[in-house]
Amino acid sequence: MARPQDVDRIFAALDDFRIEIPSWGFANTGTRFGKFSQAAAATCIEEKFADAAEVNRLTGVVPTLALHVLWDLPRGTDDVGKIKQMESSTGIRAGSINPNLFQEPEYKFGSLCNPDAKVREKALQHVLDSVEIGKALGAAEVSLWLSDGSNYPGSQSMRRRIGWLKEALQQTHVALGPDQTLLVEYKPFEPAFYHTDIADWGMALELARAAGPQAKVLVDTGHHYQSTNIEQIVAWLLELGALGGFHFNDRKYADDDLTLGSIDPYQIFRIFHEIHFERFRKPARPMPAFMIDQSHNLKGKVEAMVQTIVTAQELFAKAALIDQDTLAELQDSCRLVEAEELFRSAFWTDVRPALREWREQRGLAADPLAALRASGYVERTAGERGEKNRASQSAYA
Ligand code: RM4
Ligand code: MN
Ligand code: MN
């Protein structure tokens, strides 16, 4: 149980904690082998906004919805008006704008790194359109993930592709508005299996730096090799002022996109500790963007999203319990076990009663998952959307 002084820390941390959810987390998705369609899955952008509004009604901390351009704004800037209408009818704002550079046939051999200049141009134009969409919607982040890479040694020039990529990101940076950030995401493999053009945080950092000061690195927790010390990467990026945001999810083997904290909650706690350390040292700095990037084939979409948000709050609150002054003192005098115990005790503290109280004080449901079940939302939307879901078998949005 948390002590009274802990409750104050927990409340202060939760008051500052907002998290973005992805539109694609509400749509039917599949594996390489098949797709299990859900009756309640969102079939259009209106339903994705409706689901996001329901998650926000239950948790109160998800004001924005990340959008993937081709899935959510297939007509590009012409769809901005439609999104604005949904913003005003649901109270959910458009969040990060994610270009789609990975599904069209032209991108078979890459997008911004494609050896064909015409394809590179098409990809860059799509990124620039995404910047314009972001400006029109007042969205802070344009979040770039490339599937570019190659499957066979010698089949592509890694060096020339670096040059093409730098050029494209520089041109994108020039187009950014003053309040926009370009996030550069990395991933070691998949869909490419020999080399990926932005494979790790060093490459992402160099590309971001070469692009300009409004470009930052995005850390997707599922995009690392087994046993990588992700919190150390986070610490470095914070130290360098280069951490733009997170895509949170959990994994056991690769980019599994499982529920945050379901496999290794201690790792997310350790990452949040680095965030709290930064806040303690430089309270004026804005927090990185906390975003969820998950897709559930087995769990109910809205239920899994609510579970994720609650888990994120629990882990963020636990990490806030570490007293940074005391920890620094113990570290400096090399009282190893005491330092470790301080760290671990925060992790093992049950913050759930304090979270319930925090929610009640703010007029939110004390137990968001139970409130979702009681609301009948999933049954109702399953009834409304079931037929459309049976009829459509397309992957993703
Ligand atoms: C990628 C990456 C991107 C996400 C796509 C759908 O693995 O995590 O962030 O936009 O999946
Ligand atoms: Mn991601
Ligand atoms: Mn991913």
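First listed ligand is number 1; within each ligand, the first listed atom is number 1.
Environment of NZ in Lys252: sparse, with no more than 12 heavy atoms of neighbouring residues, nucleotides or ligands closer than 6.0 Å. Around CZ of Phe347, the count of heavy atoms belonging to other residues, nucleotides or ligands within 6.0 Å exceeds 12.
Geometry note: the Mn ion (ligand 2) is the vertex, His247 ND1 and Asp220 OD2 are the arms, and the angle is 110° (rounded to 10 degrees). Geometry about the Mn ion (ligand 2) gives an angle of 170° between OD2 of Asp293 and OE2 of Glu185, rounded in steps of 10 degrees. Rounded to 10°, the angle that OD2 of Asp255 and NE2 of His223 form at the Mn ion (ligand 3) is 90°.
Ligand 1 has an N or O atom lying under 3.5 Å from an N or O atom of His247, backbone or side chain.
Between the His223 side chain and the Tyr186 main chain, a donor and an acceptor come within less than 3.5 Å of each other.
Of all the atoms in ligand 1, the ones that sit under 4.0 Å from a non-hydrogen atom of Asp220 are 8 (O). Close contacts between ligand 1 and His68 involve ligand atoms 4 (C), 6 (C), 10 (O) [criterion: under 4.0 Å to a heavy atom]. Within ligand 1, counting atoms from 1 as listed, the ones closer than 4.0 Å to a heavy atom of Asp255 are 7 (O). Those atoms of ligand 1 with a heavy atom of His223 less than 4.0 angstrom away are 2 (C), 7 (O), 8 (O).
Asn100 and Gln103 are linked by a side-chain donor-acceptor pair at a separation below 3.5 angstrom, with hydrogens and angles left out of the test. In summary, the side chains of Glu132 and Thr77 do not present any donor paired with an acceptor at a separation below 3.5 Å, with no hydrogens or angles considered. A side-chain donor-acceptor contact under 3.5 Å links Asn28 and Ser37.
Ion pair Glu314/Arg352 not flagged as a salt bridge, since none of the NZ, NE, NH1 or NH2 atoms sits closer than 4.0 Å to an Asp/Glu carboxylate oxygen.
Only the side chain of Lys187 comes within contact range of ligand 1, with a heavy atom under 4.0 Å; no backbone atom does.
Atom 5 (C) of ligand 1 has its nearest heavy-atom neighbour, among Tyr186, Trp24, Trp71, Trp145, in Trp145.
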